[in-house]
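Scroll down for the structure; my scribbles are underneath it.
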Amino acid sequence: MDSNPAIGTVVEMLTKLKLQPDKPASSVRSAPVDVPTTKPAKTKKQPKPPKNNNHNPSTKPPKVKKQPPQPNPQTKNIHIEARIARKKKNATATTSNVSAQTKPSENVAHQKSNRRPGTNTMDEFLSKKHKKSSNLKLKRKATAVRVAKPLGDSVRVSCAICQLPFGTKRELRAHLSGDHGAVFSLKPMLNLHDRNGLLKRQVFKVQLQQIPRAVPMFEVQITNATNVVLVLRSVFVFDGNECLHSLFGETVLRMAPGYCFEEQVTLDDLVLSGARTYSLLIVATPWVEVEADFQIVEQFHFREAGQSRARRTEIKLAKLPDFPVPVAVRFLYKNKFKNRGAFTPAQADLLAEIESFKEPNSLSGDRYHRQLTLLNQIEDEYKIQEFRSYIIMEPKLKKTKFPKYFTISIDQFKARPSMLKEDVVVLLAIEIGERMETFEGVVERIDFEGVLMLFEHGLPLGNPDGNFHKLEFIPDRSPFQLEYQALELLESRAMQQLAFPSDFGRSKLPAIKEFKWIRQNVASNEEQMAAVRNIVNQSSFPAPYILFGPPGTGKTSTLAEAIGQIYHQRPKENVLVAATSNFAANELTNRLLGVVPDDAIFRFFSKSCTRKVDEFDNEVLEVSNLNGRIYQRLCYEDIYQSRVVVCTLATAGRLNQARIAAKHFSYVFIDECGSAKEISALIPIAGIATFGSEVTASVVLAGDPRQLGPVIMYDYLSHSSQSRSMLDRLIDHGLYAKSPETGEYNRQVITQLRDNFRSHTAILQYSNKTFYEARLRAKASPEVSGWALGWSVLPNQNFPIIFHPLVGKSLQDKNSTSLYNEVEADQVMWYIRKILAEGINGREFKQTDIGVISPYALQVAHLKSRFREPKWADIEIGSVEQYQGREKPIIIVSTVRTRTKCVGFLSDVKRLNVTLTRAQALMIIVGDPSTLGNDPHWKEFIKYCRVNRALVKPTEPAVAPANQANKKKQKPKENPPKQAAK
């Protein structure tokens, strides 16, 4: 609970309003209810709230009482330019599920989103890239409540935050500069009433940018991050001296959950100084039937990005060794690892050795370095040769409307450039007169039509296409180099203790017995508490500790709690947190920001993340080397003045290049370890958790070996140890095996989380029985997982799964080996259109509530293209890999394959497990049961659906025609489905 007991009545009122967190139950089930912990939608892609087609015009929503504007003599001359045309006084429309949460009326007012759906064209991409603005470093300072205090019309001069009257402007300025001070302390307001106090939870998501103009102009975006309707009353900027500038306050604005207030304002007298901290203050109230007698005040600090308060010392990274692929390995690769009688004895022996390494469970201590190195070299060579197949002779480049940017069409590639990605270096050889010159560029963007390239120094003008001699793409080998480096740093004795552990319980740190739990949801779960205690006390040391986290069981919350406990209980110990993806690393950083002070966390990004900076939350960027949206090289202060460092596995290798002090980290966490190659997992361990032959840090491996494993592009290695994670290899063996007597794991070395707080029992049941020995317990609340029951479209209204049989046609693009299915796309769109237009059981949905999964990249691209016309830009469509670790209230799956006995990689049981465990309350699967039934696991799942009467009959429901427009107020037609399978 919030520490100040004086605000108990406010917390009680907020509880009555049901300001519940809009987060997975696994992370908030026992959280104190004050202001919600909702993680707001990214401002970049603000969802458009759906229109309420069931709006009853006879039921009028209660009016928001307009507060008379309070004169503010110190407010400067302000010119407000409306970025989006809207009428603030009438800013009422309908929202989706707020009525069920707040109930101020049966129909809740809600504004239409200002967001324009994005497009995927190269021109749009370039236009957006070249729209420059100066971002400011902004950080939430405090959230407080204050008792509303009407001042009356007679008061002409007052402090807008304290609500204190003053006789003159001079007295007010003295109060602002003296009592509130340069950083605008809220203590003067908090001390005025015993019901005034601080809250721990954030209410608004804010972005602030300075736009380069002759007169200082700012763009402010304020998003309601709660789960209830709020009334925005005023917004101020304090200049750090004695002036409080009003940005908003002439009227009030009702903001539904997720609504983004966006404005451009010009402040004539506010010129930012890099040495000064400014305050942004927002005043709002929850919207209730009876006007609340309290208001919420949220404060943010901001200053110019890129300004540093202290001198920083850059760390020079040592150069990575090249680690070339040996000639013998290249020779075997060229011959496709087949001995046709022409191999020398040495080559034949090497091939036999490689074949033995491909055997299941072949990895052992005496061949550990040799086996991992050799298999990695084969994958390394595969990538090199793939890139060589992308070379284009006499390429035809197309100019864009932006200088230095050129595109090349996909049809000029001899092979589909499936391994190309952004930031790949490009070399273009141009014949100029009698000499050949090479120009270096970089890949900026790739889509199904072409590749966009940037040549920073430009290309010679007036060169016809005939002078372009050769276009070459250079693979980035640094991940392989970092893996080889890790193996070199891992000495034999340390390797045995970590990779083949046989003993535990040798921690040198004193045991901690008393725990004050930071997150109440963890304090109510036996497995999570046991895991945190054992991780903090290093009970498995020197062996790694395994946190086995099946879907929706609160793995990330457990890790955040453990790291928070280390921070508070072991003040001299430092923590390194590495994850397999930037998404996982950012999610962990977000969670850690709630349990560890901001200045104790450093999120270390690679330089390639600069282009994705708009996709990252501001809170994460502020504690990173992308602060200010500009890449900053690693500095000593980043590492040695931060107790917790978070990065990806590959980026962790840069710490070895930086020669970080030995034994600096006492704990090393690897999240989503089940999806990393074993050699990749060694990068944050070797040389960081080890020093010579000694293991110096406690290693924690977190993940789920039953979900997606490492992605290996080369089929030859698909069943070798190269495609198996360290987590998968260790679990259920040796120290980590279940006890034959009890059938339970030894919690000194491994904890399996068992309570699923994500999904409805019916959605969880098949995976639980098939992959987890029925050990999981469905604990999701009915509010999260049960609202779809009784929906008229469900074949079985007590079973929230729909399997929609369709026999369409699998199609293939000429430039791709992937597949797409138009008939399935039609059916997916029918369901989405119906859900958005009509809702489910009176509950309305935003686009962000719906996720679409397809295992085929071409189907993902096809659906994205189809979603442009109805403007469904905020419905996330992705592959199974993109959805690992994710969840949505509604998941729709398009399996694509049809009319074939081969199911392709749909037969991957880990991929199936991930697919079937993403939905919270409703899962819809569209596919051909005859094709899917050729795989034993899919066959069992279809049987599970059939037994529970979840298969759609031929007369239900409709398929939307492919060319049907998303017309306003047009309901989906109830026609029979196309080619429904019997």
Side-chain angles (χ1 to χ4, degrees), residues 486 490 494 497-498 501 504-512 515 518 522 528-547 549 555-580 584-585 588-589 591-592 595-597 600-604 638-649 651-653 655-656 660-673 676 681-691 694-703 726-727 730 747-751:
L490 188 63
Q497 292 176 320
L498 290 166
F504 61 94
R506 296 197 280 112
S507 174
K508 297 178 182 178
L509 296 177
I512 294 173
F515 283 80
I518 303 168
V522 173
Q528 288 179 312
M529 287 191 293
V532 171
R533 288 192 188 99
N534 291 331
I535 289 170
V536 174
N537 286 320
Q538 299 185 335
S539 63
S540 67
F541 189 85
Y545 192 91
I546 291 181
L547 182 63
K555 170 180 65 68
T556 306
S557 293
T558 307
L559 291 178
E561 178 75 24
I563 295 167
Q565 293 290 345
I566 293 168
Y567 174 83
H568 293 290
Q569 304 239 42
R570 299 197 185 279
K572 294 184 179 180
E573 313 305 328
N574 300 312
V575 179
L576 173 64
V577 186
T580 56
L588 257 173
T589 306
R591 301 287 184 95
L592 289 172
V595 298
V596 175
I601 301 175
F602 173 59
R603 171 68 171 97
F604 183 21
D638 297 328
I639 303 300
Y640 295 110
Q641 293 181 8
S642 302
R643 293 270 315 278
V644 181
V645 176
V646 187
C647 59
T648 61
L649 297 181
T651 309
L655 299 179
N656 275 319
I660 297 300
K663 305 182 182 181
H664 176 73
F665 294 105
S666 300
Y667 296 83
V668 174
F669 290 77
I670 303 179
D671 191 20
E672 299 294 348
C673 186
L682 296 179
I683 296 176
I685 294 176
I688 297 173
T690 66
F691 179 64
E694 180 186 1
V695 178
T696 58
S698 182
V699 176
V700 179
L701 309 179
M726 176 184 284
L727 182 69
L730 290 178
R747 286 187 178 172
Q748 295 293 103
V749 295
I750 178 174
T751 296

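Numbers here simply count residues along the sequence, with the first being 1. The shown structure was predicted, so the numbers you read here are calculated from the model rather than taken from an experiment.
- Using a 3.5 Å distance cut-off with no hydrogens or angles, the side chains of E573 and S666 do pair a donor with an acceptor.
- Applying the ring-ring contact (aromatic ring centres under 6.0 Å, His included) rule to F604 yields the partners F602; only residues at least two apart in sequence or on another chain are considered.
- A donor-acceptor pair is defined here as one N or O able to donate and one able to accept, closer than 3.5 Å; such a pair exists between the side chain of N656 and the backbone of A686.
- Residues forming a side chain to side chain donor-acceptor pair (under 3.5 Å) with T589 (at least two apart in sequence, or on another chain): none.
- The minimum heavy-atom distance linking P684 with I670 is given by the pair CG-CD1, 3.8 Å.
- The two residues V522 and S557 make their nearest non-hydrogen contact at CG2-O, 4.2 Å.
- Considering only heavy atoms from C-beta on, F669 comes within 4.5 Å of V575 through its side chain.
- Contact of the Y545 side chain with the Q748 side chain is not registered, since no non-hydrogen atoms from C-beta on lie closer than 4.5 Å.
- Judged by distance alone, the side chain of Y567 and the main-chain N or O of V595 form no donor-acceptor pair under 3.5 Å.
- Comment: E694 engages K508 in a salt bridge, judged by a side-chain N to carboxylate O separation of less than 4.0 angstrom.
- V700 has its side chain out of reach of V668: every pair of non-hydrogen atoms, C-beta onward, lies at least 4.5 Å apart.
- Using a 4.5 Å cut-off on side-chain heavy atoms (C-beta onward), L509 and V536 make no contact.
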